[in-house]
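Quick caveat, the model's predicted, so the values are computed rather than measured. Letters A, B, ... are given to chains in the order of the sequence lines, protein chains preceding strands, and every chain is numbered from 1.
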Amino acid sequence: MASISRPHPALVVGKYLAVAFYVAFALFPLYWLFKIALTPDALIYTDGTALWPSALTLENFRSVIFASDFLDYFRNSVIVSLSTAAATSLIAAAAGYAFSRFVFRGKRWVVALMLLTQMFPLLMIIAPIYKIVAAVGLLNSLWSLIIVYTAFNIPFATFLMQSFFDGIPKDLEEAAMMDGCTRFQALRKVILPLTLPGLAATLGFVFTAAWSELLFALMLVSKTDAMTFPVGLLTFVSKFSVDWGQMMAAGVLALIPSCLFFLFIQRYLVQGLTSGAVKG
Amino acid sequence: MAELELRDVRKSYGRIDVLHDIDLKIEDGEFVVLVGPSGCGKSTLLRMIAGLEPISGGDFLIGGKQMNDVPPRDRDIAMVFQSYALYPHMAVDRNMGFSMEIRRKPAAERKGPVTRAARTLGLEPYLDRFPKALSGGQRQRVAMGRAIVRDPKAFLFDEPLSNLDAALRVEMRLEIARLHQRLGTTMVYVTHDQVEAMTLADRIVVLNAGEIQQIGTPLELYEAPANRFVAQFIGSPTMNVLELPPEGGLKLDSGARIAGTGGARHLGMRPEHLRIVPAGQGDITVEAQVIERLGSDTNIYTEAAHLGPLLVRAHGNVDLRSGERCGLIFDREKLHLFDQEGARITPNAAAPVQG
Ligand SMILES: Nc1ncnc2c1ncn2[C@@H]1O[C@H](COP(=O)(O)OP(=O)(O)OP(=O)(O)O)[C@@H](O)[C@H]1O
Ligand SMILES: [Mg+2]
């Protein structure tokens, strides 16, 4: 074979420039969030669009943490998001496994129905949902959010999990059953460990979706003690002014749980676990 | 150890019948090979024995006990998959000991059988590796090791060597033969490979379109195939089959006739039972078209006027060029005749040569 020619230096530089531009583009809003959060209130308008604030302060963080209800909103959001992620992933894993492995009557109908639910704009069904939740007396409770979020995330999460199960060769659980497992044991000891990346991805996806959901949270919860963080953010917008500094500080704080969560699941997100299972 | 018995076993997927009335008794310690063209139901049959596929009709017995509805884990049968199906998240030793782990044997007791199996298969250096860090041949060995460790009543193999290269295939074939000699356990083996079937089997079962065509020892199938299908399926290169003219049979250069009577419609000759002689001195005259020299043997693709192509396999090298004409002599003892339905006509029912 001919030697592989090295790319032209200009191409290399161009490639890195493109990557750098993309990274800057993607991270700039985040930088701006930090910048405003750290700028003293008085300087926000005078600093304007200057890239670097002329003075730094932690005052915004202090007042968000100690002088507002934000810790409550956080707690509520964490409870709602974690519960939703756990419940959805559990149900989606079970349903995805069934779709992937079993043939049963009505399977196509169930799949079609699940796809159908994904087609309506949320705004269309928000009123009926409100009616239902009110009728069962769950308004202003975290339960209402957990149940509604779970219901809305299950279809997509199920398809996601199904594709992960589809990627695991059937031979593996059959081998496990020959080795003495019941179907459930085969699932637990062989299939589940291999689905961890998929499960982590599903958990992460649902967690983020629940964490940043605003519409339902706004409609179903109007009392402070059941408010989630995105609704809480809106309390910084009053009729006559917007408290930018505190709002951004709260936003920065809101990033923390998401980051922690992804840090926790990222080692399961590493793919390639199934390689070596089959074929030579 | 135990014998496996299939009585009138059927399998259908919805309205599609995949296997019809399979009657097969596999003796204790026997090595039975299932062969047949792709899609004939070999894997399905094996999976029904394993318990991975429900049986649609008939009975399946292990050691005289009805097993139709017994789940795989209670059949005490081990299976080696074509894909190996190693658990990717477990190291080799845990893979091999997994069956004992499931049966809650303490770790100390699991060690012995695993080490012993690893020693037999030359896997000792790899015990703490993960499957993805093994070569194809090593994975194949682990898959066999996992089965051996169980000391099951029977082993099932579904094309276990088909993912290996030629040299490794020969080596593993030998290994399986040794394993059978040493363990003496019943084995059922599915393969596409002629040589594997002929060399490993005590008995071969030839399947076609979900029906058993013939059951017999490798030599029985070679020498007395029950029908045209088996005749052409067993033996490599494939048997030549000529259509016989309905009246008077096949006319030879000498004027004699082959198989004029007895309802024979086809004449089968294995390539190795044809002999090349100078043109004009044989039973028929042909033209050599393509010549394959393999060193030990020579394959000569010839064309006979009115009769069509005939393949000849000669021992050693043959002094012949393509385009040359030559004569062929049939080995009279080894001709096969088939009737209208393709069934073999036993030699004494119709004397092949008259005149
Ligand atoms: N789930 C199924 N539904 C319908 N038909 C099936 C199903 N599984 C297998 N079949 C059919 O059953 C027949 C036998 O399949 P099987 O896998 O046993 O063939 P095989 O002899 O092992 O072939 P190969 O040599 O290619 O592995 C095939 O014609 C196949 O199309
Ligand atoms: Mg098969």
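Scanning for side chain to side chain donor-acceptor pair (under 3.5 Å) contacts around S77(A) gives an empty result, with sequence neighbours left out.
Heavy-atom neighbours of chain A within the stretch residues 102-118 of chain B, taken at a separation under 4.5 angstrom, comprise I102(B), R103(B). Interface residues of residues 66-81 of chain B toward chain A, defined by a heavy-atom distance below 4.5 Å and sorted by number: P72(B), R73(B), I77(B), A78(B), M79(B), F81(B). Within residues 31-61 of chain B, the residues having any heavy atom less than 4.5 Å from a heavy atom of chain A are, in residue-number order, R47(B), A50(B), L52(B).
Ranked by non-hydrogen atom pairs under 4.5 Å with chain B, the options K170(A), E173(A), E174(A), Q185(A) are led by E174(A).
When all heavy atoms of H89(B) and L194(A) are compared, the pair lying nearest together is ND1-CD2, 3.6 Å.
No more than 12 heavy atoms of other residues, nucleotides or ligands lie within 6.0 Å of CZ in F120(A), so this atom counts as exposed by the packing criterion. Environment of CZ in F184(A): sparse, with no more than 12 heavy atoms of neighbouring residues, nucleotides or ligands closer than 6.0 Å.
Using a 4.5 Å heavy-atom cutoff, the side chains of Y84(B) and D171(A) are not in contact. Side chains of K189(A) and Y87(B) form no contact here, defined as non-hydrogen atoms less than 4.5 Å apart.
In this structure, no portion of M100(B) lies under 4.5 Å from any heavy atom of chain A. Of the atoms belonging to E101(B), it is side-chain heavy atoms, and not backbone ones, that fall under 4.5 Å from chain A.
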